[in-house]
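The sequence lines fix the lettering, A, B, ..., with proteins before strands; numbering per chain opens at 1.
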2 protein chains.
Amino acid sequence: MLMKKNYTIKDIAELAGVSKGTVDRVIHKRGKVSSKALEQVNKVLDQIEYKPNPIAKSLKNNKVYNIAILLPDADNDPYWLPCYDAIKQIENEFSHFGIKIKKGIFNPQSTESFTKSAEIILAEKPDAILMVPLFYKEAKDFAKNCVDANIKMATFNNYIKDQKIDLQIGQDLFQSGRVAAKLFNMLLGTKASLAILHIDEAFQNASHMQEKELGFKTYYLQKELDYDISVYNLKKEAKIPFKKTIDHFLKSITPVDGLFVTTSKAYLLANCMTESFSKPLIIGYDLVAENIDHLAHDKIAFLIHQDPKKQVYLSLTKLIEYFLFGKPLQESLSLPIDIINSENYPQYLK
Amino acid sequence: MLMKKNYTIKDIAELAGVSKGTVDRVIHKRGKVSSKALEQVNKVLDQIEYKPNPIAKSLKNNKVYNIAILLPDADNDPYWLPCYDAIKQIENEFSHFGIKIKKGIFNPQSTESFTKSAEIILAEKPDAILMVPLFYKEAKDFAKNCVDANIKMATFNNYIKDQKIDLQIGQDLFQSGRVAAKLFNMLLGTKASLAILHIDEAFQNASHMQEKELGFKTYYLQKELDYDISVYNLKKEAKIPFKKTIDHFLKSITPVDGLFVTTSKAYLLANCMTESFSKPLIIGYDLVAENIDHLAHDKIAFLIHQDPKKQVYLSLTKLIEYFLFGKPLQESLSLPIDIINSENYPQYLK
DNA sequence: TTGTACGCGTTATCAC
DNA sequence: GTGATAACGCGTACAA
């Protein structure tokens, strides 16, 4: 094994005493090579390690790769805002590599909106589609259509089971429920009463919330702790302000030591905490502005950061590396479950 | 402003009615261009946005960039182990971009070892040096020498002040002390007694530990909490096992509610915790194997993750992007202060 | 079955 | 001053 670093096709051709074309035919198994030449080239290839130069490859191959992203509108829910930053960043970084990104934006409260955007995107036949599978059934069907149309399929934020997806990036939601449970356990000791709150505009996040709930409950069961846990669904009613619904709810329940909010809406709860109420500890999700404000003022104890920006950035990077450099796509990747308190949030915000 | 995306020099030449060479001279300000041609080219450049193609650039420019890394031996302290993974990963990813990495390994307990490695590295005049400035004075002097020799200088893990460094990546240590303080505050309430432990083989980490201590104390002062805080330095004595020193220490102090270990040596403490002792809460630093073991068994409450792997990976990436694509180097960058408990550590370990 | 020549975009050199 | 041309490494079309 020689030690020189990067061999080119030209190098190999010289070493084997044949021409570049022959080497190329051997490497790409195009045939039309005499057994003698084949042997000579293979002999060289065995001794050295040949890796094609990805730079030269992508310079030559000035194909445009179209990647589409199906994601929710950020006006409806600021949780999605960082995703748009990630897209912009990727566009800047990879515009010269022939990467084009097209956004398909849908209303997170409307299944029809999702389906419609999905159809528009699919009609343009991009090379890959990255989507947030908020609506499970629709997303799964759509994923199947894409796979059939030979479009690479990736998801973030949620997972899809029972359907082959090329790349799935997100957080282990069950485990994040356990993380919250552990935090309460440390803060409250061996005995306490807790409430799990699924607060959402609509219930499109149902499976999302349930996985968290399950992880949360499982923790206490496994540790055999004397925790009393009740579960509530709070949904925005047609003409009633959300605040009113929550206020009413808080007055109606028997006081608890801790509240676990499985969505990014913990701030709605914190908003309603008055002096009169017994001030339970709140653990919620996501670094949206209003949550951070309450975290900084100790009205929220902890937030779990799902880092949607990183999810998008990573997903796109993986897809791009697949197209440009032929790196394999891992099927699924779980990102860290970041625990955030009033002292460490700033570094997560850039 | 036209809408076509990436203009090449050839495009510009055609639009301006001159040759590629002339356009090149205008763009690179090499002179030798008639005022008429200059005007024509500038007119085109004003209307479109020209960004040179970094791929073609680096294909042509097949220069090798040598980057040297001065970092501690991982045998002495497993904390550094992940850094070596990061280096390997970078080598794989960028070998085709002409990036060569050379390691200069030193003993973290020996100033001479550092100086010697530094000299060897400097003698080879790499394009950039990334180092861990464990020994402040020596590192600062060395940094000055590098800057004078026109070598790009980067640091990770610790910061250097009063000396211009091109890139500094690390964690805000003062703030990480505050994070630990906040965690104790949440676990222990408004009144408690704590001990800060600086446990180290030697004291090369002095400034490191002191910044954490300062942040920790500052938190309680600012919040005006009734916390009693004592500080201890525990150092490995020549012929006495560290365990014995720590055991003795634990028996000698008045019991406290919490122990804050400012180094990665919290496991040494946890090892000595017996049933008889009152079991104070321990918060320490770093995901080394022994710490994680205690974390998983609830002998350590929290660990703060400094992510040395990410620090190295990011530092090297920034340097490489500077060389290959001319991206500017930010002077300093603070990474997130990750809070780790028994439920979320696995995702941080890959 | 082979070798050669061309083009991708940039840069540097060399005639004109 | 200027424009044509070679070179970086790869893939491929085409000629031998």
Side-chain angles (χ1 to χ4, degrees), chain A residues 4-42 44-45 48-65 94-99 323-327, chain B residues 4-42 44-45 48-65 94-100 323-326:
Chain A
K4 193 188 148 190
K5 281 296 151 66
N6 287 324
Y7 291 91
T8 70
I9 283 190
K10 199 179 159 191
D11 293 331
I12 298 170
E14 280 169 16
L15 286 168
V18 295
S19 75
K20 294 195 300 176
T22 307
V23 175
D24 181 73
R25 261 159 274 161
V26 173
I27 290 171
H28 295 90
K29 295 173 186 166
R30 284 195 240 280
K32 308 196 174 180
V33 178
S34 67
S35 57
K36 188 184 161 195
L38 184 84
E39 198 192 334
Q40 286 172 314
V41 173
N42 277 330
V44 176
L45 286 177
I48 63 160
E49 194 193 8
Y50 172 70
K51 286 186 196 169
N53 184 332
I55 299 177
K57 214 176 204 165
S58 65
L59 178 62
K60 167 84 181 137
N61 178 16
N62 65 347
K63 175 169 162 37
V64 188
Y65 293 99
F94 292 100
S95 73
H96 275 288
F97 292 74
I99 302 294
F323 287 125
L324 294 183
F325 308 133
K327 290 200 186 173
Chain B
K4 193 186 149 191
K5 278 298 151 63
N6 286 324
Y7 290 92
T8 70
I9 284 191
K10 197 179 161 191
D11 294 331
I12 297 170
E14 280 169 16
L15 286 169
V18 295
S19 77
K20 294 195 302 173
T22 307
V23 175
D24 181 71
R25 260 158 288 179
V26 173
I27 289 169
H28 296 88
K29 294 175 187 166
R30 285 196 239 279
K32 306 195 174 184
V33 178
S34 68
S35 55
K36 188 183 162 195
L38 184 85
E39 198 193 335
Q40 286 172 314
V41 173
N42 275 331
V44 176
L45 286 176
I48 63 159
E49 195 194 7
Y50 171 70
K51 284 187 197 168
N53 184 330
I55 300 177
K57 214 176 204 165
S58 64
L59 176 61
K60 171 78 182 131
N61 178 16
N62 66 345
K63 174 170 162 37
V64 228
Y65 292 98
F94 291 101
S95 73
H96 275 286
F97 291 75
I99 301 295
K100 290 256 184 313
F323 286 126
L324 294 183
F325 307 133

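Across the protein-nucleic acid pair, B:Leu59 atom CG and C:dC8 atom P stand 14 Å apart, rounded to whole Å. Atom P of nucleotide C:dT2 and atom CG of A:Leu38 are separated by 9 Å, given to the nearest angstrom. Nucleotide C:dG9 holds its P atom 14 Å from the CZ atom of A:Phe97, rounded to whole Å. Taking atom CG of B:Asn61 as the reference point, atom P of C:dA12 lies 8 Å away to the nearest angstrom. Here the C1' atom of nucleotide C:dT1 and the CD atom of A:Glu39 are 17 Å apart, to the nearest Å. Summarising the geometry, the separation between CD1 on B:Ile55 and P on C:dG9 is reported as 10 Å, rounded to the nearest angstrom. Protein atom CD of B:Glu14 is 13 Å distant from nucleotide atom C1' of C:dG9, rounded to whole Å. Between the CG atom of B:Asn6 and the P atom of C:dC8 there is a distance of 15 Å, rounded to whole Å.
Residue-level contact check: B:Lys60 touches the bases, meaning some heavy atom is under 4.0 Å from a base atom. Within 4.0 Å of A:Ile9, counting heavy atoms only, lie sugar-phosphate atoms of the nucleic acid but no base atom.
The stretch residues 20-37 of chain A touches DNA chain D through A:Lys20, A:Asp24, A:His28, A:Arg30, each having a heavy atom within less than 4.0 Å of the strand.
The phosphate of D:dC10 (OP1 or OP2) has no side-chain N or O of A:Tyr7 nearer than 4.0 angstrom. For the pair A:Thr8 and D:dG9, the criterion of a side-chain N or O lying under 4.0 Å from OP1 or OP2 is not met. OP1 or OP2 of C:dG9 has not a single side-chain nitrogen or oxygen of B:Tyr50 nearer than 4.0 Å.
Counting all heavy atoms, side chain and backbone alike, B:Asp11 lies closest to B:Tyr7 at OD2-CA, 3.6 Å.
The shortest side-chain heavy-atom distance between B:Thr8 and B:Asn53 does not fall under the 4.5 Å cut-off. In this structure, the side chains of B:Tyr50 and B:Val44 stay at 4.5 Å or more apart for every pair of heavy atoms. Here the side chains of A:Val41 and A:Arg25 are not in contact, with every heavy-atom distance at 4.5 Å or above. Contact of the B:Glu49 side chain with the B:Lys51 side chain is registered, since non-hydrogen atoms from C-beta on lie closer than 4.5 Å. Residues A:Asn6 and B:Ser95 have side chains in contact (heavy-atom distance under 4.5 Å, counting atoms from C-beta outward).
A donor-acceptor contact shorter than 3.5 Å is absent between the side chain of B:Asn42 and the backbone of B:Glu39.
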